[in-house]
Amino acid sequence: MPELPEVERFRRYLAQTSLHQTVEQVSVTDRRILHGVTVRGLGAALKGGQFARTARHGKYLLAELNRGGWLVLHFGMSGRLQQFRFLEGRPPHSRVIVRFQNGVHLAFVCMRMFGEVSLTAGPDALVAERRLGPDALAVTRAAFLEQLDGRTGMIKPILMNQRVVAGLGNLYADEILFQARIHPETPVRRLGRERLGRVFSVMRRVLRLAVRRHAQIDAYPSSYLLPRRGDDQPCPRCGRKLVRSVVGGRGTYHCSACQRRPRG
DNA sequence: AGTACCACCTGACGGC
DNA sequence: TGCCGTCAGGTGGTAC
């Protein structure tokens, strides 16, 4: 489920493998993955050009084309990038394949088809088009607090709202609230400035560690909730069995002892 | 503004 | 064995 840390890993992968290589061919094996662009349009934009640099905003990965415009990749919940040499070795569910002049291919792989490939004028244009909030790793404390100011909903769905802050999904929202010791259903207006400031600090710490560890969950500290999602696992902090529930329509894990539901 | 619900999609998994 | 329903999740749409 690519959230900010995974997308950052993909961004680095794209930068390391594919910058300044001339695109020779683009093949779209499932056009449903394209949004707002045709197969021809995508080919025309990419073919003969090069990726000049990469950017990321929230869960969106962008690559600037040296002849103008930016490629936009969103990974949905099963998307990833995979380089390969020979077509016979292409990964299953490759939806868009870019072949470079050096013979290397780069596939946009997306089993469940929730991802998207599109074009935009640039990062700012993308943010405006999708009405994205500030990136979760770039936002300042003041801007973060301002985004939450006046909201009345539950903290977890608000953290996952890409228009409030861009980059957090279901898993990292749970992790952040666990480490901040806040119940996921707590109304934001019940959280004072101090506790919201703690959410901000924890968010930064969690995301930076996740990026540093390449979003490899089994490399996270044993104090983290993420490796414990699933069947009847104990709270890493107090050992009680974690609670699974549904918050804002999403499967949610929390510790009923460490994350007290606010009373009244 | 918030929430509840649906849709999109496909592989995994449990039940019979 | 094999068919079936259900679930997961990011996003975006609907109605209330």
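Computed from heavy atoms alone, side chains included, the values below leave out hydrogens, waters and symmetry copies. Numbered from 1 within each chain, the chains take letters A, B, ... in sequence-line order.
The closest donor-acceptor contact from the side chain of A:Gln179 to the backbone of A:Glu175 lies at 3.5 Å or more, if one exists at all. Judged by distance alone, the side chain of A:Asp174 and the main-chain N or O of A:Tyr253 form a donor-acceptor pair under 3.5 Å.
Across all strands shown, A:Gln162 has heavy atoms under 4.0 Å from sugar-phosphate atoms exclusively, and none from any base. Across all strands, A:Gly251 comes closer than 4.0 Å only to sugar-phosphate atoms, never to a base (heavy-atom distances).
In this model, the phosphate group of B:dG2 is approached by a side-chain N or O of A:Thr152 to a distance below 4.0 Å at OP1 or OP2. Between A:Arg151 and the phosphate of B:dG2, there is a side-chain N or O to OP1/OP2 separation shorter than 4.0 Å.
Taking every heavy atom of residues 120-150 of chain A and every atom of DNA chain C, no pair lies under 4.0 Å. Within residues 163-179 of chain A, the residues having any heavy atom closer than 4.0 Å to DNA chain C are, in order of number, A:Gly169, A:Asn170.
Remark: A:His214 NE2 is loosely packed, at most 12 non-hydrogen atoms of other residues, nucleotides or ligands lying under 6.0 Å away.
A distance of 11.0 Å separates CD1 in A:Ile33 from OG in A:Ser94, rounded to the nearest 0.5 Å.
With respect to the salt-bridge test (charged N to carboxylate O, under 4.0 angstrom), the residues A:Glu6 and A:Arg9 do not qualify.
Side-chain atoms of A:Leu4 and A:Lys59, non-hydrogen and from C-beta on, never get closer than 4.5 Å to each other. Taking 4.5 Å as the limit, every side-chain heavy atom of A:Tyr224 sits out of range of all side-chain heavy atoms of A:Ile217. With a 4.5 Å cut-off on side-chain heavy atoms, A:Leu191 and A:Ile155 count as touching.
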message: Strictly under 4.0 angstrom, non-hydrogen atoms only: write out the protein contact profile of nucleotides 5-12 of chain B, one letter per nucleotide from the 5' end, B, S or -.
response: ---BBBS-

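Here chain A contacts DNA chain C (any atom closer than 4.0 Å to a heavy atom, that is under 4.0 Å), and the contacts span C:dA8 to C:dT11 from 5' to 3'.
Between A:Phe10 and A:Phe75, the two ring planes are tilted [angle within 30° to 60°].
Of all heavy-atom pairs spanning A:Val165 and A:Leu159, the tightest one is CG1-O, 3.7 Å. The minimum heavy-atom distance linking A:Leu168 with A:Gln162 is given by the pair O-NE2, 2.8 Å.
Chaining together hydrophobic side chains whose heavy atoms lie under 4.5 Å apart places A:Val127 alongside A:Tyr60, A:Leu62, A:Trp70, A:Val72, A:Leu126, A:Leu132.
Within the structure, the side-chain hydrogen bond (donor to acceptor under 3.5 Å, both in side chains) test picks out the following pairs touching residues 13-24 of chain A (sequence neighbours left out): A:Gln21-A:Asn102, A:Thr22-A:Gln50, A:Glu24-A:Arg99.
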